[in-house]
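Only one structure is covered here, and it is reproduced in the block below.
Values below: all heavy atoms of this structure, side chains included; hydrogens, waters and symmetry mates excluded. Keep in mind that this is a model prediction, so the values were computed, not measured. Each ligand, and each atom within it, is numbered from 1 in the order the structure gives.
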Amino acid sequence: MSIGIFDSGLGGLTVLDKALRLLPDEDYVYYADEGHVPYGEKSPEQIVAYSTAAVSFMESKQVKAVVIACNTATSVAIEQLRARFSMPIVGIEPAVKPAVEQAGSRRILVMATPVTVRESKLRQLIASLDAEDTVDLLAMPGLVHFCEAEEYDSPAVRQYIASRLEGKNLAEYSDLVLGCTHFNHFKKPLAAFFPGGIRMLDGSMGTVRRLKDLLEKQGQRGGGSGRIEYYVTDGQPAGEAVTARAGRLLARLKELEAETE
Ligand code: DGL
């Protein structure tokens with residue numbers, strides 16, 4: 001049995017990349033809803049419908065667990081998905097908790113999609129940490145488009161980031177939470193805007209650790225060899241173009257990790 005990983009597009013490869021490191025003896029089904037990306041600019045009803053279709057497809061593939069490798073779909077749809085499907089479903093959330101723990105009295109900037117920023121789930125998380133006064137939220141939908149187009153550090157990317165950060169006192173921030181799985185590809189151009197340095201956090205490793213615990217508890221760990229099958233909207237097998245793009249993105253994530261280790 002495989003593990004299902006689902007995102008609106010190829011941002012969820014950030015989670016697959018960590019899963020391949022921590023759980024190399026598993027097989028994976030990756031579903032990229034390329035026909036509907038970006039979720040961050042859709043209505044909650046649309047996101048619930050798309051996510052339900054994706055998890056139904058995973059059910060038909062008889063996966064042992066599903067990872068919603070999309071902060072946006074997690075924030076809008078996870079409760080409804082868990083109520084509807086019987087297989088274990090693991091979501092991803094912006095890593096605000098570890099950021100609050102390490103920031104002390106410094107400020108935290110959370111970047112996410114417009115939907116994640118608007119939804120109550122993230123606001124409740126921040127309130128539960130008593131961190132409303134130190135956490136700022138910023139929607140960065142343009143980065144999803146740039147990532148899907150494999151444009152990572154161009155003048156247009158830098159100009160976009162500059163326009164979104166305009167007016168902020170960047171020296172105040174000690175931590176930047178990447179609250180969308182597409183954003184990990186932009187660590188370098190983002191870091192350049194924080195001259196005093198900034199710590200970046202994301203929820204991908206935490207999500208994979210939770211997946212690992214869950215599979216261990218269920219006695220379902222292992223049995224695979226790191227095989228990946230790619231599917232797109234409606235459960236169609238991904239064509240050569242998407243599969244090749246996914247391969248390039250995974251290779252890029254590996255390179256980025258090697259640089260920072
Ligand atoms: N990668 C997704 C996330 O983590 C959503 C991006 C989008 O489709 O807008 O939020």
Side-chain angles (χ1 to χ4, degrees), residues 4-19 30-55 66-79 81 89-96 99 109-123 125-126 137-152 157 160-161 164 176-187 190 200-208 210-211 230-233 238 242 245-246 249-250 252-253 256:
I5 299 190
F6 148 63
D7 180 42
S8 59
L10 294 177
L13 295 173
T14 308
V15 176
L16 177 60
D17 168 60
K18 299 286 193 321
Y30 187 93
Y31 183 111
D33 198 0
E34 287 286 303
H36 299 127
V37 64
Y39 281 13
E41 295 167 60
K42 300 287 190 309
S43 71
E45 293 75 21
Q46 284 172 310
I47 297 166
V48 169
Y50 302 152
S51 306
T52 304
V55 179
V66 175
V67 180
I68 311 292
C70 176
N71 294 264
T72 310
T74 301
S75 76
V76 175
I78 195 149
E79 268 96 32
L81 295 172
I89 299 177
V90 180
I92 186 165
E93 267 188 341
V96 179
L109 184 60
V110 180
M111 292 182 172
T113 67
V115 168
T116 306
V117 165
R118 252 193 330 260
E119 277 299 308
S120 55
K121 204 168 166 71
L122 180 55
R123 289 169 194 273
L125 173 67
I126 294 166
L137 305 179
L138 185 63
M140 297 286 282
L143 295 185
V144 177
H145 296 268
F146 283 122
C147 178
E148 290 289 323
E150 294 180 89
E151 190 175 337
Y152 306 112
V157 168
Y160 173 72
I161 297 171
R164 298 299 296 147
L176 172 61
V177 175
L178 304 174
C180 167
T181 50
H182 282 80
F183 294 178
N184 283 42
H185 290 277
F186 301 95
K187 284 184 178 174
L190 284 169
M200 293 192 200
L201 300 90
D202 71 274
S204 56
M205 198 42 135
T207 298
V208 173
R210 266 186 290 125
L211 169 69
Y230 290 103
Y231 295 89
V232 292
T233 307
V242 170
R245 191 148 53 91
L249 271 115
L250 275 179
R252 187 164 190 278
L253 288 166
L256 290 176

Discussion item. If I compare all heavy atoms of A73 with all of F6, which pair ends up nearest, and what's the gap?
Written reply: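 So the minimum-distance heavy-atom pair works out to CB-CE2, 4.3 Å.
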
Practice prompt. Any pair with a residue in residues 110-120 that passes side chain to side chain donor-acceptor pair (under 3.5 Å), sequence neighbours left out, goes on the list, sorted by first then second residue, please.
Written response: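 Only T72-T113, T72-T116, T113-T116 qualify under side chain to side chain donor-acceptor pair (under 3.5 Å).
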
Please set out all donor-acceptor pairs under 3.5 angstrom arising from side-chain atoms of residues 7-17, sequence neighbours excluded.
{"from": "D7", "atom 1": "OD2", "to": "G9", "atom 2": "N", "distance (Å)": "3.2"}
{"from": "D7", "atom 1": "OD2", "to": "G11", "atom 2": "N", "distance (Å)": "3.0"}
{"from": "D7", "atom 1": "OD2", "to": "G12", "atom 2": "N", "distance (Å)": "3.0"}
{"from": "T14", "atom 1": "OG1", "to": "G11", "atom 2": "O", "distance (Å)": "2.8"}
{"from": "T14", "atom 1": "OG1", "to": "T181", "atom 2": "O", "distance (Å)": "2.7"}

Discussion item. Show, in sequence, the C-alpha distance, side-chain angles and deciding distance for F146 and Y152, and conclude whether the ring pair (Phe, Tyr, Trp, His ring centres under 6.0 Å) test is met.
Written reply: CA-CA 7 Å; F146 283 122; Y152 306 112; 9.7 Å; no

Does ligand 1 have any N/O atom under 3.5 Å from a protein N/O, and what are those pairs and their distances?
{"from": "ligand 1", "atom 1": "1 (N)", "to": "D7", "atom 2": "OD1", "distance (Å)": "3.1"}
{"from": "ligand 1", "atom 1": "1 (N)", "to": "T181", "atom 2": "OG1", "distance (Å)": "2.9"}
{"from": "ligand 1", "atom 1": "1 (N)", "to": "H182", "atom 2": "ND1", "distance (Å)": "2.8"}
{"from": "ligand 1", "atom 1": "4 (O)", "to": "N71", "atom 2": "N", "distance (Å)": "2.8"}
{"from": "ligand 1", "atom 1": "4 (O)", "to": "N71", "atom 2": "ND2", "distance (Å)": "3.0"}
{"from": "ligand 1", "atom 1": "4 (O)", "to": "T181", "atom 2": "N", "distance (Å)": "2.8"}
{"from": "ligand 1", "atom 1": "4 (O)", "to": "T181", "atom 2": "OG1", "distance (Å)": "3.2"}
{"from": "ligand 1", "atom 1": "8 (O)", "to": "S8", "atom 2": "OG", "distance (Å)": "2.6"}
{"from": "ligand 1", "atom 1": "8 (O)", "to": "Y39", "atom 2": "N", "distance (Å)": "2.7"}
{"from": "ligand 1", "atom 1": "9 (O)", "to": "Y39", "atom 2": "N", "distance (Å)": "3.3"}
{"from": "ligand 1", "atom 1": "9 (O)", "to": "G40", "atom 2": "N", "distance (Å)": "2.8"}
{"from": "ligand 1", "atom 1": "10 (O)", "to": "N71", "atom 2": "N", "distance (Å)": "3.4"}
{"from": "ligand 1", "atom 1": "10 (O)", "to": "T72", "atom 2": "N", "distance (Å)": "3.1"}
{"from": "ligand 1", "atom 1": "10 (O)", "to": "T72", "atom 2": "OG1", "distance (Å)": "2.6"}

Discussion item. Listing request: all salt bridge (Lys or Arg N to Asp or Glu O under 4.0 Å) pairs with a residue in residues 30-50, at least two apart in sequence or in separate chains.
Written reply: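 Passing the test, one end in residues 30-50: E34-R245.
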
Discussion item. If the threshold is 4.0 Å, N to carboxylate O, is there a salt bridge linking E150 and R252?
Written reply: no

